[in-house]
Amino acid sequence: MKIRLLTAIAFTAMAIFSCSEDTNNIGGSLTQDTDNLKISTGIYQATSKSILADSVYARNFDCYFGMVKDPETDTYVKNEYMAQFNMLEDLIMPKKDSIMSKVGDEIVADSCEIWFYFDKANCYGDSLTPMKMRVMELNKAMDSEATYYSNYDPEKEGYIRKDGLQKDIVFTLANLTYSDSARSVTGYVDIGRVTINDSYKDKNGKTYKNFGSYILQNYYDHPEYFKNSYTFVHNLCPGFYFKHIDGLGVMAKMSRIEMKTYFRYAAGKTINAVLTLASTSEVLQTVKVTNDKEGLERLVSDDNCTYLKAPAGIFTEVTLPVEEIMKDNTSLDYLLSVSMSFERLNSLNPNDKYNFAAPSTILLLPKDSLYTFFEKEKTYDYKRFYVATLSKNNYAFTNLGDLISSMYVDLILGTLDDPDWVKKHPDWNKVVLVPITQPKTITVTTNSGSTTTSTTPISNQIGLSCTQLVGGKNSPIDIKVIFAKFL
């Protein structure tokens, strides 16, 4: 009963604590005399600083491409990515003898293209600014069990096939190759398209009319390659690297990437068909982020505030006064409430439409979990991992009691076992604020019409964001604590 009572009291106490510093009579006003609940409060101070993110876990379900300059901080960032294509396990193609797309007796594709669908609501920059992309074939499949970070370079690591498919495309977010009437149709989505219809030679030296012909012929000659995504990627099409070649001022978010192979077959009449393979969460997608390191270091050295900057830019590190809080808790039973808030500083140029948006959601986690949290696809539990959304220009965390307590337990047990434990674990009382992308549900429809759904894990934000927070060397962050004890 007292545990339930404490929950109700917590909300009331927090409200009173935020309005008044006179807390002498809080316990008596909240409970009956028989409960004799003693409440006390305290305000403590945490310190914060900016730290370079260096790189982030790169297996991501959002693909961004482009290069931009942050108008507020004068720093550059470039996003490129690698993507594989998913093979649905129930893929069924027309019978071989019904295929009409042929040269002599050899099946060919009429055409083959890669389409990039733009998520225009989450793209950045002028829709008429041209960007140049190079599509480069991989020579082997990347390891789905390996850990890739955003500074991983497929070219330097030897993943690009030297004599493989390579094609450049120049695109704009507004695809003006379509007529105004076509663009005005309901459901129209801007896309970029790269046609890969040049003659293609596979690793065995066999030449095909185009890359689509390579896909079609292998479907009929080696059906075992099409058993599932794994066999397809490891035997036929390892994937492509999408490299930024030229252009500044656009960061395109791809809502979908598809490879389309066009062909014709007979079914009483001529059918124009397309084999569509999509880059989905079931196969590997990795992002490569190149940041202006000198510019980021300049921001990190600013002691007047701290920064949150994505992708793979700057995090905010916070040192919590764990020992001080727990020292005042020696005779009490409960950390009823531990809360802290990070105030966002307003933009210096608020009317610039090209300012990066502030992160909408951030994660607070122990510094020693900064990488394993994303690698192991963990989620927030409000015990060691917490999230906050931007509201009224603040990121507020209101229930950090379990985190403070667990850090203190680690300290006590560690120092009992090893007097030098603190020196060996300098980050034991540090947490980090990280911009994140919340999980989302993905639905895939198979050729047979059935659907499957999956939920993506929490990931580092790969899109553009930046904000300054109150903090730094001379601006400590208040932590408000409510203690409680039944007498």
Side-chain angles (χ1 to χ4, degrees), residues 10 13-14 17-18 21 23 40-53 299-309 314-330 332 334-345 358-359 361-370 373 380-412 414 422-423 425-436 467-483:
M14 283 187 285
F17 184 58
S18 64
E21 295 183 1
T23 58
S40 61
T41 63
I43 296 180
Y44 303 83
Q45 292 186 328
T47 58
S48 63
K49 67 177 184 178
S50 299
I51 59 173
L52 284 175
L299 300 180
V300 167
S301 65
D302 184 355
D303 288 335
N304 297 314
C305 65
T306 67
Y307 282 87
L308 292 175
K309 190 168 179 61
I314 302 175
F315 301 150
T316 288
E317 177 186 294
V318 184
T319 301
L320 301 174
V322 176
E323 289 179 276
E324 187 180 355
I325 292 173
M326 298 307 292
K327 179 184 67 176
D328 291 342
N329 190 37
T330 54
L332 299 171
Y334 298 98
L335 280 178
L336 193 59
S337 171
V338 180
S339 61
M340 64 191 308
S341 180
F342 297 88
E343 182 182 356
R344 176 176 175 259
L345 294 172
T361 307
I362 64 173
L363 173 73
L364 181 151
L365 75 171
K367 189 176 181 180
D368 60 10
S369 301
L370 182 56
F373 178 90
Y380 44 88
D381 56 8
Y382 295 104
K383 293 182 178 180
R384 288 182 64 82
F385 311 115
Y386 303 79
V387 293
T389 56
L390 182 61
S391 177
K392 297 181 180 179
N393 234 31
N394 278 272
Y395 300 98
F397 297 92
T398 59
N399 51 356
L400 300 176
D402 283 341
L403 177 63
I404 297 294
S405 297
S406 66
M407 284 182 165
Y408 190 65
V409 170
D410 290 343
L411 172 67
I412 297 301
V422 172
K423 290 182 179 179
H425 300 81
D427 297 327
W428 72 272
N429 60 344
K430 293 179 174 60
V431 295
V432 180
L433 306 180
V434 180
I436 61 167
T467 193
Q468 293 174 287
L469 301 176
V470 171
K473 185 176 181 180
N474 300 313
S475 300
I477 309 299
D478 284 346
I479 299 182
K480 298 179 180 181
V481 181
I482 301 176
F483 302 103

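No hydrogens, no waters, no symmetry mates; every other heavy atom, side chains included, goes into these values. Residue numbers count from 1 along this sequence.
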Is the shortest side-chain heavy-atom distance between [X] and [Y] below 4.5 Å?
X	Y	answer
Pro366	Trp428	no
Ile362	Phe315	no
Ile314	Leu299	yes
Leu370	Leu365	yes
Leu403	Leu320	yes
Val322	Leu411	no

Atom pair [atom1] ([X]) and [atom2] ([Y]), whose distance is rounded to the nearest 0.5 Å:
X	Y	atom1	atom2	answer
Asn429	Asp410	CG	CG	11.0 Å
Ser341	Tyr395	OG	OH	11.0 Å
Leu308	Leu433	CG	CG	6.0 Å
Arg344	Asn393	CZ	CG	5.5 Å
Tyr44	Asp478	OH	CG	12.0 Å
Lys49	Thr319	NZ	OG1	7.0 Å

For Lys430, check salt bridge (Lys or Arg N to Asp or Glu O under 4.0 Å) against everything at least two apart and list the hits. none
Can you name the salt bridge (Lys or Arg N to Asp or Glu O under 4.0 Å) partners of Asp402, sequence neighbours left out? none
Within the distance-only criterion (no hydrogens, no angle test), does the side chain of Asn394 pair as donor or acceptor with the backbone N or O of Ala396 below 3.5 angstrom? no
So, for [X] and [Y], which heavy atoms are closest and what is the spacing to 0.1 Å?
X	Y	value
Val387	Tyr382	CG2-OH, 3.0 Å
Thr316	Tyr307	OG1-O, 2.9 Å
Gln45	Pro321	O-CG, 3.5 Å
Gly472	Ser48	N-OG, 3.2 Å
Ala358	Leu390	CB-CD2, 3.9 Å
Val300	Ser50	CG1-O, 3.4 Å

Walk me through whether Leu335 and Met326 qualify under side chain to side chain contact (heavy atoms under 4.5 Å, CB included). CA-CA 9 Å; Leu335 280 178; Met326 298 307 292; 3.8 Å; yes
Among Ile51, Thr306, Val431, whose side chain to side chain contact (heavy atoms under 4.5 Å, CB included) with Glu317 holds?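 Per the side chain to side chain contact (heavy atoms under 4.5 Å, CB included) rule, the option paired with Glu317 is Ile51, out of Ile51, Thr306, Val431.
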Only counting residues at least two apart or in another chain, list the ones meeting ring pair (Phe, Tyr, Trp, His ring centres under 6.0 Å) with Phe373.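 Ring pair (Phe, Tyr, Trp, His ring centres under 6.0 Å) list for Phe373, sorted by chain: Phe385.
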